[in-house]
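Both backbone and side-chain heavy atoms feed into the values below; hydrogens, waters and symmetry mates do not. All ligand and atom numbering here is 1-based and tracks the order in the structure.
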Amino acid sequence: MQEKYISLNDQRVYNDQYLLAVFEVGVQSGKDLMAVASEMAAESSNGSNIEVGTVTKFSDAMGAIVYRVDEERNLIWIAYPWRIFDRGGNIQNILTFIAGNIFGMADLKKCRLLDVWFPNSMLDQYDGPSYTLTDMREYLKAYNMPIIGTIIKPKIGLTASEYAEVSYDFWSGGGMFVKNDEPQANQDFCPFDKMVDYIKESMEEAERETNQRKVHSFNVSAADFDTMIERAEYVKGKMKPGSYAFLVDGVTAGWTAVQTIRRRYPDVFLHFHRAGHAAFTRSENSFGYTVPVLTKFARLAGVSGIHTGTAGVGKMAGTDIDDITAAKLALLYEYDGFFFEQDWLKFPKQNSDAGKYIKDSKEKDWQENKELEQLNNFYKNLASKKTNKYFNQNWRKIRSTCPIISGGLNPVLLGEFINKIKDVDFITTMGAGVHAHPLGTKAGAKAMMQACEAWQKGIDIYKYAKENTELDYAIQFYDKHGTQAKRK
Ligand code: CAP
Ligand code: MG
């Protein structure tokens with residue numbers, strides 16, 4: 001036991017100088033929970049397995065504090081002096097501390113970081129999103145509805161011109177947003193620059209034909225940063241501002257790649273694809289952290305949009321509470337949790353910049369999120385009723401990150417998801433849900449738009465399908481082949 005890391009009920013942790021974290025743990029037989037908690041705090045802050053003779057008074061002050069333990073639920077609360085983290089808003093450094101070596105501790109047979117809470121004094125250090133869903137809505141002139149998108153399929157194997165053809169079909173069917181699938185990069189059969197050139201042409205043609213703006217999300221992930229920037233620069237040189245997003249495979253390319261793109265291109269939508277996240281976020285994993293934790297760090301890093309899961313409606317694993325909590329933590333300026341009450345919506349009167357901040361926010365995001373406050377109250381009640389494990393988190397200076405909802409979805413499931421999350425502030429991308437449509441991609445896009453119209457008009461899609469052929473074909477096809485059928 002390393003006593004110096006244990007300080008139960010220590011009130012210092014609430015003085016705005018500590019990042020708070022809650023872990024669900026399992027200790028090996030014969031091990032004491034409190035002792036292991038002290039080892040975790042040491043290992044994830046300034047210590048090791050034995051006290052060293054080189055410590056100083058100051059270095060001791062940089063140690064983490066175990067301030068609460070719930071033996072029944074195997075929960076441990078640890079507070080981290082946020083000054084130990086790399087200055088300048090570095091996400092990978094925080095995770096190296098609090099989600100690093102401790103997962104390898106032999107005394108543990110389970111260790112899941114359930115949630116984190118960032119003090120306000122810390123939020124100011126981090127970028128947060130600069131180009132948001134609000135900006136994309138203004139570009140696309142698409143309000144009060146999900147952004148209707150697709151992933152081009154097959155996932156890989158089309159030539160650059162074939163890829164652009166399929167994109168054109170989706171856009172001409174009314175679709176707004178096309179993304180590269182997460183593994184698409186600079187394969188020899190579809191060179192990155194050729195793909196961009198053809199996309200430019202097909203986007204311009206689709207915009208002329210539909211008189212609607214379109215967006216394409218280009219995967220700029222690469223082996224090294226120079227190549228990543230080269231790809232981003234190529235897109236920037238070819239495409240008009242607002243018409244492109246940069247997709248980064250955030251888990252496999254890493255947080256430094258994510259933050260590099262955020263800092264170099266603050267006027268571009270930064271799309272975080274999370275392929276690989278399930279290795280540590282799935283609820284059945286013994287070690288790792290949750291989707292809400294991943295999402296919170298993505299928002300802190302300044303990601304414009306991150307995949308947050310379909311809350312069981314699509315093909316990927318993901319619990320309702322995790323995926324909905326993640327989406328709300330991404331989007332709302334306030335989300336109530338189970339352990340912490342922190343309300344940043346009422347700025348202290350004496351805080352001179354509060355008025356300016358609220359005024360600025362009202363001009364842009366805040367209006368967009370006006371109705372979300374009602375939703376937030378809905379979730380507040382939900383959170384108080386459910387044993388919601390999550391901290392409340394208000395993002396005083398951190399703008400909204402857009403949930404991206406994808407994975408096994410098809411037009412038939414769109415309304416089901418909207419009704420589950422009670423919100424339309426998200427991008428939805430459907431791959432097979434569009435390109436497997438019996439009448440082809442353009443019809444798949446039309447079916448998505450018709451499913452969205454049906455929801456907006458409050459009409460049952462089966463009824464709406466009677467007047468909308470593409471939706472009718474989609475229902476017949478996906479009820480047989482879609483995720484829904486698999487779930488029965
Ligand atoms: C969806 C997708 C996305 C998943 C990732 C795929 O395709 O392209 O990568 O959405 O999952 O490869 O599965 P489909 P998540 O629409 O054809 O399923 O969004 O949960 O991170
Ligand atoms: Mg994909």
Looking at Glu416 and Lys420, does any basic side-chain N land under 4.0 Å from a carboxylate oxygen? no
Spell out, as yes or no, whether a donor-acceptor pair under 3.5 Å connects the side chain of Ser44 to the backbone of Ile98. no
Could you list the donor-acceptor pairs under 3.5 angstrom formed by side chains in residues 274-282, with sequence neighbours left out?
from	atom 1	to	atom 2	distance (Å)
Arg274	NE	His277	NE2	3.2
Arg274	NE	His307	O	3.4
Arg274	NH1	His307	O	3.4
His277	ND1	Thr281	OG1	2.8
Thr281	OG1	His277	O	3.1
Arg282	NE	Glu284	OE2	2.9
Arg282	NH2	Glu284	OE2	2.8

Intermediate values then yes/no, salt bridge (Lys or Arg N to Asp or Glu O under 4.0 Å), Glu467 and Lys457: CA-CA 14 Å; Glu467 313 294 317; Lys457 294 172 182 167; over 6 Å; no
Need the list: ligand 1 N/O atoms against protein N/O atoms, distance under 3.5 Å, rounded to one decimal.
from	atom 1	to	atom 2	distance (Å)
ligand 1	7 (O)	Lys153	NZ	3.2
ligand 1	8 (O)	Lys153	NZ	3.1
ligand 1	8 (O)	Asp181	OD1	3.0
ligand 1	9 (O)	Glu182	OE1	2.8
ligand 1	9 (O)	His273	NE2	2.8
ligand 1	10 (O)	Ser406	OG	2.7
ligand 1	10 (O)	Gly407	N	3.1
ligand 1	12 (O)	Lys153	NZ	3.3
ligand 1	12 (O)	Lys155	NZ	2.9
ligand 1	13 (O)	Lys315	NZ	2.7
ligand 1	16 (O)	Gly431	N	2.8
ligand 1	17 (O)	Ala432	N	2.9
ligand 1	18 (O)	Lys315	NZ	2.7
ligand 1	18 (O)	Gly408	N	2.7
ligand 1	19 (O)	His307	ND1	2.8
ligand 1	19 (O)	Ser406	O	3.3
ligand 1	20 (O)	Arg274	NH2	2.8
ligand 1	21 (O)	Arg274	NE	2.8

Under 4.0 Å between a side-chain nitrogen and a carboxylate oxygen: does that hold for Arg73 and Glu24? no
Between Phe189 and Tyr163, is the ring centre distance below 6.0 Å? no
What distance separates Phe192 CZ from Thr227 OG1, expressed to the nearest 0.5 Å? 11.0 Å
Pair Lys238 + Asp193: basic N to acidic O under 4.0 Å: no
Work out how many protein N, O or S atoms lie closer to the Mg ion (ligand 2) than 2.8 Å. 2
Output a table of donor-acceptor pairs, distance under 3.5 Å, between side-chain atoms of residues 149-161 and any protein atom two or more places apart or on a different chain; print 'none' if there are none.
from	atom 1	to	atom 2	distance (Å)
Thr150	OG1	Met430	O	2.6
Thr150	OG1	His435	NE2	2.9
Lys153	NZ	Asp181	OD2	2.5
Lys155	NZ	Glu182	OE2	3.1
Thr159	OG1	Ser161	OG	3.3
Thr159	OG1	Glu162	N	3.1
Thr159	OG1	Glu162	OE1	3.2

